[in-house]
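Scroll down for the structure; my scribbles are underneath it.
Just so it is clear, the structure is predicted and the values come from calculations on it, not from any experiment. Note: hydrogens, waters and symmetry copies are ignored here, and every other heavy atom, side chains too, is used.
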Amino acid sequence: MGFYIPYSELSERARSVDSAITSLMEELEAVNYYNQRADVAADETLKAVLIHNRNEEIEHAVMLFEWLRRNIEEFDEDMGTYLFKDAPITEIEETATGGGSASGAKSGASLGIGSLRK
Ligand SMILES: [Fe+2]
């Protein structure tokens with residue numbers, strides 16, 4: 001994604017997080033590209049290949065989300081709050097926090113950065 005802080009100053013953990021997030025962005029970009037190309041593909045066989053490829057990229061993206069969940073506590077907390085629920089998304093937050101940020105309410109954090117697992 002690019003380093004805002006000189007690479008040499010970053011911890012191994014921060015380097016790993018950057019690698020995961022950059023890779024996730026690339027996978028999601030690929031999902032978007034394949035999805036758009038499949039949407040306009042006139043050839044049905046090509047459309048099927050593009051959809052197959054899009055779905056492979058979704059798998060890659062989800063694997064990276066799982067790595068982030070396992071390595072950044074706030075991802076785990078927020079995924080636990082929001083994912084696989086049937087209620088309207090904004091109502092999930094209100095129910096979990098009484099109106100505040102889900103991760104902030106649970107961890108007491110006031111910044112969006114959150115803590116990284118050691
Ligand atoms: Fe991929």
Side-chain angles (χ1 to χ4, degrees):
M1 178 166 20
F3 296 98
Y4 304 104
I5 303 297
Y7 187 80
S8 61
E9 294 183 25
L10 294 175
S11 65
E12 281 302 315
R13 168 61 58 188
R15 292 173 184 172
S16 293
V17 168
D18 179 82
S19 182
I21 290 175
T22 300
S23 297
L24 176 58
M25 292 169 64
E26 291 166 353
E27 298 296 352
L28 291 175
E29 186 173 52
V31 169
N32 194 25
Y33 288 157
Y34 279 123
N35 197 59
Q36 291 182 35
R37 291 172 188 156
D39 190 60
V40 298
D43 183 294
E44 287 302 315
T45 303
L46 176 60
K47 180 188 286 279
V49 171
L50 294 171
I51 290 171
H52 169 88
N53 291 356
R54 178 201 63 190
N55 294 345
E56 293 280 322
E57 303 300 351
I58 290 171
E59 179 184 17
H60 301 164
V62 170
M63 291 170 72
L64 289 160
F65 272 123
E66 176 61 8
W67 187 90
L68 290 168
R69 186 193 69 77
R70 293 182 187 192
N71 287 279
I72 299 179
E73 184 176 345
E74 285 74 12
F75 271 98
D76 185 53
E77 292 175 357
D78 286 333
M79 287 175 168
T81 298
Y82 287 100
L83 297 184
F84 307 108
K85 303 291 167 43
D86 294 323
I89 295 168
T90 52
E91 291 180 16
I92 293 171
E93 180 177 32
E94 290 165 4
T95 300
T97 66
S101 150
S103 58
K106 286 180 201 160
S107 67
S110 59
L111 300 174
I113 299 168
S115 61
L116 302 179
R117 287 185 178 158
K118 298 286 188 262

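- Under the 4.5 Å side-chain criterion, counting only non-hydrogen atoms from C-beta, Val17 is not in contact with Asn71.
- Remark: the backbone N or O of Arg15 is not paired with any side-chain donor or acceptor of Ser19 at under 3.5 angstrom.
- Listed for the Arg54 side chain is no donor-acceptor partner under 3.5 Å among the backbone atoms of Asn32.
- The cluster map of Ile, Leu, Val, Met, Phe, Trp and Tyr, joined by side-chain heavy atoms under 4.5 Å apart, puts Leu46 and Tyr34 in the same cluster.
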Output, in order, the C-alpha distance, side-chain angles, deciding distance and verdict of side-chain contact (heavy atoms from CB on, under 4.5 Å) for Phe3 and Glu9.
CA-CA 10 Å; Phe3 296 98; Glu9 294 183 25; over 6 Å; no

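- Once rounded to the nearest 0.5 Å, the distance linking CG of Asp43 with NZ of Lys47 reads 10.0 Å.
- Hydrophobic clustering (ILVMFWY, side-chain heavy atoms < 4.5 Å, transitive): Leu64 and Leu28 are in one cluster.
- Put simply, CD on Glu77 and CZ on Arg69 are 11.5 Å apart, with the number rounded to the nearest 0.5 Å.
- Atoms NE2 and CD, from His60 and Glu26 in turn, are 12.5 Å apart once rounded to the nearest 0.5 Å.
- Between Trp67 and Met63, the closest side-chain pair of non-hydrogen atoms is not below 4.5 Å.
- Cluster annotation: Phe75 and Phe84 are assigned to the same hydrophobic cluster (Ile/Leu/Val/Met/Phe/Trp/Tyr, side-chain heavy-atom contacts under 4.5 Å, transitive).
- Hydrophobic clustering (ILVMFWY, side-chain heavy atoms < 4.5 Å, transitive): Ile21 and Met79 are in one cluster.
- With rounding to the nearest 0.5 angstrom, the OG atom of Ser23 is 8.5 Å from the CG atom of Asp18.
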Apply side-chain hydrogen bond (donor to acceptor under 3.5 Å, both in side chains) to the pair Arg37 and Asn53, showing each step before the final yes or no.
CA-CA 11 Å; Arg37 291 172 188 156; Asn53 291 356; over 6 Å; no

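- Around CG of Leu83, the count of heavy atoms belonging to other residues, nucleotides or ligands within 6.0 Å exceeds 12.
- Thr81 contributes atom OG1, which lies 8.5 Å from atom CD1 of Ile92 (distance to the nearest 0.5 angstrom).
- Among all heavy-atom pairs drawn from Gly80 and Lys85, the shortest one is O-NZ, 2.7 Å.
- Interatomic distance, CD1 of Ile72 versus CG of Asp78, reported as 11.5 Å (0.5 Å rounding).
- A pairwise comparison of heavy atoms in Ala41 and Leu50 identifies CB-CD1, 4.2 Å as the closest pair.
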